[in-house]
Colleague: 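My questions all concern the structure below.
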Amino acid sequence: MSRVQHQQQQLHHVCSSPQQQRCDDWIFLDVPSDITIDVNGVRFALHKFPLVTRSGRIRKLISEHRDAADTAKIDLLNLPGGPETFQLAAKFCYGINFEITTANVAQLCCASDYLEMTEEYAEGNLSSRSEAYLDDVVCRSLEMCVQVLQQCEGLLPLADELKIVSRCTDAIASKACAEQIASSFSRLEYSSGRLHMNKQVKCGEDWWIEDLSVLRIDLYQRVIEAMKCRGVRPESIGASLVDCAEKLLKRKPILGARAGASAEAIEREEKTVIETIAGLLPGEKHTVPMSFLFGLLRSAVILDCPMTCRLNLERRIGSQLEMATLDDLLIPSSQHAGETMFDVDAVHRILVVFSQQDDSDNDGLGYEADGPRPLSQTALDKVGRLVDNYLAEIAPDANLKLAKFVVIADALPGYARTTDDGLYRAIDIYLKAHQGLPDLERKRLCKLIDFHKLSEEASGHAAQNERLPLQAIVQVLYIEQLRLRNALCCSYSEEDQKTAPQSRCTSNGVFSSGLSPRDNYASLRRENRELKLELARMRLRLSDLEKGHACIKQDMETSNSRKLILSVSKRIRKLKLI
């Protein structure tokens, strides 16, 4: 056996031994070591010649110890990868073979750069070998790129400076994009002499979604940003964000508890995950479930994330609010946000975003080609019912101020509700829970209700509701008489016959079913002047009505009997204002 082979066998034995060894245990039997290298407390008894022929850094450090004793000692501080990686680098210097894998290639790239094991000192050095494996093997496989990125978590920022992270993220994005293009072509079907693509996109084909969820959030962010630049489908990115958020938020507290991390550290990490996921959401609608958006918003409120993060989520929710449910809107308040049980301010901001989508037609001059499309009447109806149910849910809260209740009820335009039964029910619940409201505030609440849009059942209940102010009861009775007279009349007046076909709305405020929602909405502003004139006439009639009812009101307040309510109806008929 040659002397070199004997040295290689001894070094292989030494490198395979436990790391925490004394210096004497690393000395060869027949060739004493002439250099000791300390890496994070682990000592390696080696020889100068094999190391200086491959490593420029060790060559420079040894030259600085020429005047020292026979055995030089060198400390390699902050060596990337630690003793395990230096052990592999030492094997390479001695010519001992070992396998480069995804588990060590990132460490070898960083360690070879730290040790200056480049082509300048030896041909086919460790730096070029590890770089070649990274480019020719790792970057050809999405799974291997993910594994290397996991190894880079402890090698930053050097791994970033050596472009290991960027090469892996670009490779993952390219592979994911190529997979989607290939799957799109595979779904092409020949029909009627031409090719057409199936519109159904199955995100289940994006097998890489689960692989990415193992990455740390900062590296995951870079991968998703690279995918967006490459043109990966927003639906696929949304599915990946949902999967990543669920796994990270479930995994981090468990890992933090096992590692002994403080509660503050775990909370900071969770906040980072929420903020990052919220910032990565695709701009397109319906790419993630509505429940997921509300879940992020709840977490952002509880963790007290920055307002910019919460506003971003609220804008996305508001743009597709018609898909939400009542449970989604019940966002708990943070402990220091206010006295109410639910976060009413967040819901108001969401409603403002939703309403602004229908307010971009440039004063009725027509919709811009590149502007947002107006909301459909179906979406308005859904959100109107949703808001009424939400108001009924929060109305019993004794700490809910009247101003907040009113601002939620008034956030939607009047034509968003085809009926005000739900709004009347919510107001009645609020009045029942807040019985100490003064008369002025009760009148303010009742002004929100369009009594023309109440059903017969709701009107009957309102006429006997003692919680309503007297003026509201009189108005309900007045409208009921109008309905009774219209029911008895078999035909409209000549003026009504001329104007009814041209009207965009029916008498109770409901849009005509013969016109599209866009035409209905555009006609509202064009009819603004006519509506103002009609409003002026109604005010004059109401003024005459109030003058005629002055004495009736005084009698009602003193006696408060049921007979006087019936007398109101009789005296209204005598006023001949109908």
Side-chain angles (χ1 to χ4, degrees), residues 146 149-157 159-160 165 169 209-225 228 237-282 287-318 324-325 327-350 353 394 397 399:
V146 173
L149 283 180
Q150 283 186 281
Q151 301 300 320
C152 290
E153 293 178 359
L155 300 172
L156 297 174
D160 209 359
V165 175
T169 54
I209 289 178
E210 294 186 0
D211 294 340
L212 298 185
S213 61
V214 301
L215 294 174
R216 200 170 68 183
I217 189 63
D218 55 339
L219 297 176
Y220 175 82
Q221 179 182 10
R222 298 185 60 171
V223 172
I224 295 299
E225 289 173 347
K228 288 184 176 180
I237 293 177
S240 177
L241 291 172
V242 173
D243 183 76
C244 179
E246 291 177 350
K247 291 182 179 178
L248 283 179
L249 293 176
K250 290 179 180 178
R251 186 172 67 224
K252 294 301 181 183
I254 298 176
L255 295 179
R258 291 177 179 176
S262 62
E264 292 78 7
I266 296 175
E267 183 175 322
R268 284 196 302 269
E269 196 166 2
E270 290 178 343
K271 288 175 64 175
T272 302
V273 172
I274 296 296
E275 294 174 32
T276 304
I277 295 297
L280 292 174
L281 290 171
T287 53
V288 294
M290 180 64 77
S291 58
F292 176 71
L293 291 176
F294 275 102
L296 287 179
L297 182 57
R298 286 192 183 92
S299 300
V301 171
I302 295 173
L303 296 173
D304 196 20
C305 291
M307 199 63 189
T308 53
C309 172
R310 296 171 59 178
L311 291 177
N312 179 30
L313 292 170
E314 289 168 5
R315 283 194 296 268
R316 295 178 183 276
I317 292 172
T325 63
D327 290 338
D328 293 333
L329 287 182
L330 299 177
I331 305 169
S333 291
S334 57
Q335 296 180 356
H336 53 80
E339 299 178 352
T340 57
M341 185 181 302
F342 300 106
D343 195 340
V344 181
D345 295 332
V347 175
H348 175 245
R349 290 191 294 266
I350 291 172
V353 173
I394 66 174
D397 190 346
N399 295 322

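Hydrogens, waters and symmetry mates play no part in the numbers below; they use all other heavy atoms, side chains included.
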Colleague: Could you walk me through whether L281 and L293 pass the side chain to side chain contact (heavy atoms under 4.5 Å, CB included) check?
Modeller: CA-CA 10 Å; L281 290 171; L293 291 176; 3.6 Å; yes
Colleague: Please name the pair of heavy atoms, one in L149 and one in L219, separated by the smallest distance, quoted to 0.1 Å.
Modeller: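 Minimum heavy-atom separation between L149 and L219: O-CD1, 3.2 Å.
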Colleague: Which heavy atom in R222 sits nearest to a heavy atom in D160, and how many Å separate them?
Modeller: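 In this case the closest contact between R222 and D160 is NH1-OD2, 2.8 Å.
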Colleague: For a quick test of reading the model, state the closest non-hydrogen atom pair linking P332 to V301 and the distance between them.
Modeller: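 Closest heavy-atom pair between P332 and V301: O-CG1, 3.6 Å.
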Colleague: Hey, mind stepping through L241 and Y220 against side chain to side chain contact (heavy atoms under 4.5 Å, CB included) and telling me if it holds?
Modeller: CA-CA 10 Å; L241 291 172; Y220 175 82; 3.6 Å; yes
Colleague: Do V347 and I394 come close enough that some side-chain heavy atom pair is under 4.5 Å?
Modeller: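 Not in contact.
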Colleague: So do the side chains of L249 and I274 get within less than 4.5 Å of each other, counting heavy atoms only?
Modeller: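 In short, these two side chains touch, coming nearer than 4.5 Å.
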Colleague: Between K228 and L280, is there a donor-acceptor pair closer than 3.5 Å when you use the side chain of the first and the backbone of the second?
Modeller: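 Flag set: sc K228 to bb L280 pair under 3.5 Å.
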Colleague: Do V288 and L296 have side chains that get closer than 4.5 Å, going by heavy atoms?
Modeller: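 No, their side chains stay 4.5 Å or more apart.
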Colleague: What's the spacing between D327 CG and L329 CG if we round to 0.5 Å?
Modeller: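 Nearest 0.5 Å value for the CG-CG distance: 9.0 Å.
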Colleague: Looking at D243 and S240, would you say the former's side chain and the latter's main chain have a donor-acceptor pair under 3.5 Å?
Modeller: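 Judged by distance alone, no pair lies under 3.5 Å.
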Colleague: Would you find a donor on one side and an acceptor on the other, under 3.5 Å apart, between the side chain of E153 and the backbone of R216?
Modeller: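 Present.
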Colleague: Working to the nearest 0.5 angstrom, can you tell me the gap between L303 CG and E270 CD?
Modeller: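 With rounding to 0.5 Å, CG (L303) is 5.5 Å from CD (E270).
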Colleague: Within a radius of less than 6.0 Å around CE of M341, do more than 12 heavy atoms belonging to other residues, nucleotides or ligands occur?
Modeller: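 No.
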Colleague: Could you check T287 against I237 for side chain to side chain contact (heavy atoms under 4.5 Å, CB included), going step by step and ending with a plain yes or no?
Modeller: CA-CA 8 Å; T287 53; I237 293 177; over 6 Å; no
Colleague: Give every donor-acceptor pair under 3.5 Å between a side-chain atom in residues 307-315 and any protein atom, sequence neighbours left out.
Modeller:
{"unit_1": "R310", "atom_1": "NH2", "unit_2": "D343", "atom_2": "OD2", "d": "3.1"}
{"unit_1": "N312", "atom_1": "OD1", "unit_2": "R316", "atom_2": "NE", "d": "3.2"}
{"unit_1": "N312", "atom_1": "ND2", "unit_2": "A278", "atom_2": "O", "d": "2.9"}
{"unit_1": "E314", "atom_1": "OE1", "unit_2": "R349", "atom_2": "NE", "d": "2.8"}
{"unit_1": "E314", "atom_1": "OE2", "unit_2": "R349", "atom_2": "NE", "d": "3.4"}
{"unit_1": "E314", "atom_1": "OE2", "unit_2": "R349", "atom_2": "NH2", "d": "3.0"}

Colleague: Can you name the closest pair of heavy atoms from D397 and T340 and give their distance?
Modeller: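 In this case the closest contact between D397 and T340 is OD2-CA, 3.5 Å.
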Colleague: Could you grab the distance from atom NZ of K247 to atom CG of L212, nearest 0.5 Å is fine?
Modeller: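 Reported value, rounded in 0.5 Å steps: 10.0 Å.
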Colleague: Output, in order, the C-alpha distance, side-chain angles, deciding distance and verdict of side chain to side chain contact (heavy atoms under 4.5 Å, CB included) for V242 and E246.
Modeller: CA-CA 6 Å; V242 173; E246 291 177 350; 3.6 Å; yes
Colleague: Test of understanding: with side chain to side chain donor-acceptor pair (under 3.5 Å), list the residues that count as partners of S291, not counting sequence neighbours.
Modeller: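 Side chain to side chain donor-acceptor pair (under 3.5 Å) check on S291 returns nothing, list empty.
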Colleague: Can you name the closest pair of heavy atoms from D328 and F294 and give their distance?
Modeller: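 Nearest heavy atoms, D328 then F294: O-CD2, 3.0 Å.
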Colleague: Can you name the closest pair of heavy atoms from L248 and S213 and give their distance?
Modeller: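 For L248 versus S213, the nearest heavy atoms are CD2-O, 4.3 Å.
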